[in-house]
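Just so it is clear, the values below take in all heavy atoms, side chains as well, and ignore hydrogens, waters and symmetry mates. If you're wondering where the values come from, they're calculated on a predicted model, not measured in any experiment. By convention here, the first residue in the shown sequence is residue 1. Counting starts at 1 for both ligands and their atoms, following the listed order.
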Amino acid sequence: MDPEYKKKIPGFKSMGSWRVKEMEYTIAAISGDGIGPEIVREAKKVLDKIGQKYGHKFNYEDVLMGGISIDTYGVPLTDEALETAKKSDAVLLGAVGGNVGNSRWYDVAPNLRPEAGLLAIRKGLNLFANIRPAYLYNDLAGACPLKKEIIGDGFDMVIVRELTGGLYFGERHTETVDGVEQATDTLVYSEKEIRRVAIKAFEIAMKRKKKVTSVDKANVLDSSRLWRKVVAEVAKDYPEVTLENMLVDNCAMQLVMNPRQFDVILTENMFGDILSDEASMITGSIGMLSSASLNESKFGLYEPSHGSAPDIAGKDIANPIATILSAAMMLRFSFDLDKEADAIEDAVRKVLAEGYRTVDIMDEGKKQVGTTEMGNLICERI
Ligand code: IPM
Ligand code: MG
């Protein structure tokens, strides 16, 4: 091939006999509060190692959100911060918020608390589909709180949670009626909101075990009856996927009784919030679980499933793996870099198989390491 070729096409470089496209990505990095800065730092380190090895460049635009934004600008998310996130190719988030009840951030109106920044960015970026995988690592099976006969050979599910509708975003107010205070939250879902997230769930199921469990409360709620109807319509386009409907209270029970029955769980915002905590708990390792929040296109926000853990912040003991695996999800979903994502996931599995553990997943006979060292160990195996 003409040696001048690579000079003519910017972004191409020669790797042996291959010509590989060298890509450059801009990532909005939101460190946030608590352990956020430490875990995001480790995820960036891992991304940079991927960049070096596979010839990509990741540029980071640091964005303030949550408590740190409140301290700096008086609001949990500025318009400029949202704009920076919008212009990026993807968003990487650590965690936001302090101890609930922390007077500095919580004695203010709900729309000025750290979590309001998270809701604003979800809505502002139209991130309606929240993907939360929950699976049992063979090496960490000892941390699972369920009995061996329930765990069997392990479980592997993905919760697809609607993220920009329902009770979180419905009209709410508190008033006094006849001298008695009363508060109202409204749960609204449109057909369109249900359909687009249902399509995501079925698309994901097509790449997995082809089963969707749609979770609702159709024996009580109108919104759930509409949910069930629209999901059934979407299911017609995916004849290979088995659709099952389950009431949310039953689902909470089934998750601890027989978690192996689940492949993809599709549900609305509030139910998904609750069930995803339950699902992550039964893996015994919330410090390991990543998540992605996606819009209509390939754009997404990637964050660990756990919170900001302010009590252990700055001590170099937090587990960075969930954030690192979230970065892997970013490579896979937003950038189509599957082999790079595989490289991160393989490196994590290797480190665990070699017996390295952060304190949250520590077990007898294993080697305890801190946040920074865990990040280094994973980089070395990429
Ligand atoms: C989550 C969190 C958030 C939510 C909070 C922090 C607002 O619990 O991402 O699950 O309820 O969505
Ligand atoms: Mg939650």
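Both tests pass for Arg196 against the ring of Phe128: distance under 6.0 Å to the centre and angle within 45° of the axis. At least one cation-pi condition fails for Lys339 and Tyr54: the charged atom is not both under 6.0 angstrom from the six-membered ring centre and inside a 45 degree cone around its axis.
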Please report the C-alpha distance between Leu47 and Ile27 in whole Å, then the side-chain angles of each, then the deciding distance to 0.1 Å, and finally whether the side-chain contact (heavy atoms from CB on, under 4.5 Å) criterion is met.
-> CA-CA 11 Å; Leu47 282 171; Ile27 297 172; 3.8 Å; yes
List the steps and the verdict of salt bridge (Lys or Arg N to Asp or Glu O under 4.0 Å) for Arg195 and Glu233.
-> CA-CA 9 Å; Arg195 181 164 286 110; Glu233 285 166 16; 2.5 Å; yes
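Enclosure of atom CD in Glu149 by more than 12 non-hydrogen atoms of other residues, nucleotides or ligands within 6.0 angstrom is indicated. Heavy-atom neighbours of Glu345 CD from other residues, nucleotides or ligands within 6.0 Å: above the threshold of 12.
Note: Tyr60 and Phe58 fail the aromatic proximity criterion, with ring centroids not under 6.0 Å apart. Between Phe335 and Tyr25, a ring centre-to-centre spacing shorter than 6.0 Å is recorded.
Taking only nitrogen or oxygen atoms, main chain and side chain alike, Arg122 reaches within less than 3.5 Å of ligand 1.
Close approach of ligand 1 to Arg161 (heavy-atom distance below 4.0 Å) involves ligand atoms 1 (C), 4 (C), 9 (O), 10 (O), 11 (O), 12 (O). Residue Glu115 approaches ligand 1 through these ligand atoms, each under 4.0 Å from one of its heavy atoms: 6 (C), 7 (C). In summary, the atoms of ligand 1 found under 4.0 Å from a heavy atom of Arg132, numbered by their order in the structure, are 1 (C), 9 (O), 10 (O).
Taking 4.0 Å as the cut-off, Glu303 does not count as a neighbour of ligand 1 on heavy-atom distance.
Put simply, the side chain of Thr78 does not reach to within 4.5 Å of the side chain of Met65, judged on heavy atoms.
The number of protein N/O/S atoms found under 2.8 Å from the Mg ion (ligand 2) is 1.
With respect to atom 4 (C) of ligand 1, the closest heavy atom belonging to the protein is Tyr168 OH, 3.5 Å.
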